Amino acid sequence: MTATHITADIAIVGAGMAGASLAAEIGDAARVVLIEGEAQPGYHSTGRSAAFWSETYGGPAVQPLTSASFAYLDGHGFLGDRTAIHIARPEDIGAVDAMLATFAGNVALERVAAEALPASIPGLRQGFAGGVAEPSCRDIDVAGLHAHYLGRARRAGTQLIGDARVRSIARVAGGWRIATDAGTVEAALLVDAAGAWADELAALAGVAPIGIQPYRRTVVQLQVDPPVPASLPLVLDIAGSFYFKPEAGRLWLSPHDETPMPPCDAAPDELDIAIAIDRLERTVDWRIVRVERAWAGLRSFAPDRAPVYGFDDRAEGFFWFAGQGGFGIQTAPAAAMIGAALLLGRALPDPVRMIEPAAYRPGRFG
């Protein structure tokens, strides 16, 4: 829709998974406008996810959010069967013990002996010393989840403005005036759910940036011989140099790259594609028939690599909902429940009641 002037209680900038889920959780408790700079919501990071849910992904600071999101994702049919296995070479075998110790009591993990690995990963080359199985890992229907949240938000009365790149933000009596390419929005509260552009948006509002840094992540789709079995688990190098998984008869492969980038429409680099393929060929004996396509997205991290949810201590009415790295999809339900509760001044709902929001507050950066 095209807007000339809209007045709302809450303006959320960014209609990717973060902004859409937050708007949905706020529901009809406030008048919400969702501002999206692109013509299509989810064009950047949300639309380029590798589409898996893993309780260990993102580390112990993220795990409670991921685990708390399971019931919503599974109950609404957004999770599919997968499992995962983290494999280790001899020099990395200490990481197996560290992983098991880090998540003990919170995530069901199983040690895997070296001789048992080929049963899970046909064609695995020799040289791996063991691993960790993560049976709870699942695939996520990212597009379905994003559409679900946008639909919930729309039915609750949220107004979505597309092609509305933010040009300026000013403080006005009672809130904020946001000038966009599609018109002007005035709202009492401004939510920064702008992903890779989170710090840039804060600067436009005169708010001190946190230091949220976007990093490029590359994914390559391959046709391999023999064909990828549908039952193949998500396979991750425990040292963090690659991961791969089956997807509709093809293989999705990433070199687990993290290249610092300015906010942009990220594109894959040929060197990263070559590195990914080299790492795959050192891991399995499959023949690569064809590189079918490649893409890249931006994963944006705060300095401590934990997400940032909450009001800025030094800017009244400015709310951070950013820094969600590569785990923004799998934590979306829990994050949105926490964000909506903080915004509306309500108690945390039951699924996230045991999570301490202070761990994610923007004020932790001083």
Side-chain angles (χ1 to χ4, degrees), residues 1-16 18-39 41 44 150 153-154 156-212 263 300 302 307-324 335-336 338-346 357 360-366:
M1 69 179 278
T2 299
T4 53
H5 185 86
I6 292 176
T7 301
D9 299 315
I10 302 171
I12 302 174
V13 178
S21 61
L22 183 58
E25 282 301 324
I26 294 168
D28 60 3
R31 294 173 300 158
V32 178
V33 60
L34 196 52
I35 301 169
E36 172 55 51
E38 304 293 344
H44 290 286
L150 287 172
R154 183 182 63 253
T158 293
Q159 292 180 267
L160 172 64
I161 308 172
D163 278 325
R165 191 171 299 274
V166 175
R167 297 302 180 182
S168 66
I169 302 173
R171 289 288 297 175
V172 295
W176 303 89
R177 178 181 294 123
I178 306 120
T180 81
D181 287 345
T184 302
V185 176
E186 289 194 13
L189 303 178
L190 172 59
V191 176
D192 186 347
W197 286 263
D199 269 5
E200 287 194 359
L201 186 81
L204 278 178
V207 176
I210 281 175
I212 293 176
S300 301
V308 186
Y309 313 137
F311 284 104
D312 192 286
D313 293 337
R314 295 168 291 187
E316 183 180 357
F318 188 93
F319 190 92
W320 291 89
F321 200 65
Q324 293 168 308
I338 291 170
L342 294 175
L343 271 168
L344 300 172
R346 295 179 172 175
Y360 310 113
R361 64 185 183 88
R364 70 186 189 266
F365 300 108

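Keep in mind the model is a prediction, meaning the values are calculated, not measured.
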Who passes ring pair (Phe, Tyr, Trp, His ring centres under 6.0 Å) against Phe319, sequence neighbours left out?
Phe311
Smallest separation among heavy atoms of [X] and [Y], with atom names:
| X | Y | value |
| --- | --- | --- |
| Gln324 | Ala18 | OE1-CB, 3.1 Å |
| Ile210 | Ala302 | CG2-CB, 4.5 Å |
| Ala336 | Ser21 | CB-O, 3.4 Å |
| Ala322 | Ala198 | CB-CB, 3.7 Å |
| Ala15 | Leu150 | O-CD2, 4.3 Å |
| Asp312 | Ala315 | OD1-N, 3.3 Å |

Verdict with supporting geometry, Ile169 and Leu201, side-chain contact (heavy atoms from CB on, under 4.5 Å):
CA-CA 8 Å; Ile169 302 173; Leu201 186 81; 3.7 Å; yes
Take Phe321 and Ile12 through the side-chain contact (heavy atoms from CB on, under 4.5 Å) test and state the conclusion after the steps.
CA-CA 9 Å; Phe321 200 65; Ile12 302 174; over 6 Å; no
Distance (rounded to the nearest 0.5 Å) between Leu343 CG and Leu189 CG
6.5 Å
Nearest 0.5 Å, please: how far is CD1 in Ile161 from OG1 in Thr180?
5.5 Å
What pairs with Ala29 under side-chain contact (heavy atoms from CB on, under 4.5 Å), at least two apart in sequence or on another chain?
Leu344, Arg346
Does anything in residues 186-199 pair up under salt bridge (charged side-chain N to carboxylate O under 4.0 Å, His left out), and if so which pairs, sequence neighbours excluded?
Arg177-Glu186
Going by the rule side chain to side chain donor-acceptor pair (under 3.5 Å), which residues pair with Arg364 if we only count those two or more places apart in sequence or in a different chain?
Asp304
Mind checking side chain to side chain donor-acceptor pair (under 3.5 Å) for Asp181 and listing every partner two or more places apart, or none if nothing turns up?
Arg167
What orientation do Phe318 and Trp176 show, parallel under 30°, tilted 30 to 60°, or perpendicular over 60°?
perpendicular
Salt bridge (Lys or Arg N to Asp or Glu O under 4.0 Å) involving Asp9 - partner list, sequence neighbours excluded:
Arg31
Salt bridge present between Arg165 and Glu38 (N-O < 4.0 angstrom):
yes
Is there a side-chain contact between Val166 and Glu200 (heavy atoms, below 4.5 Å)?
no
Tell me whether Arg171 contacts the main-chain N or O of Glu316 through its side chain, where contact means a donor paired with an acceptor under 3.5 Å.
yes
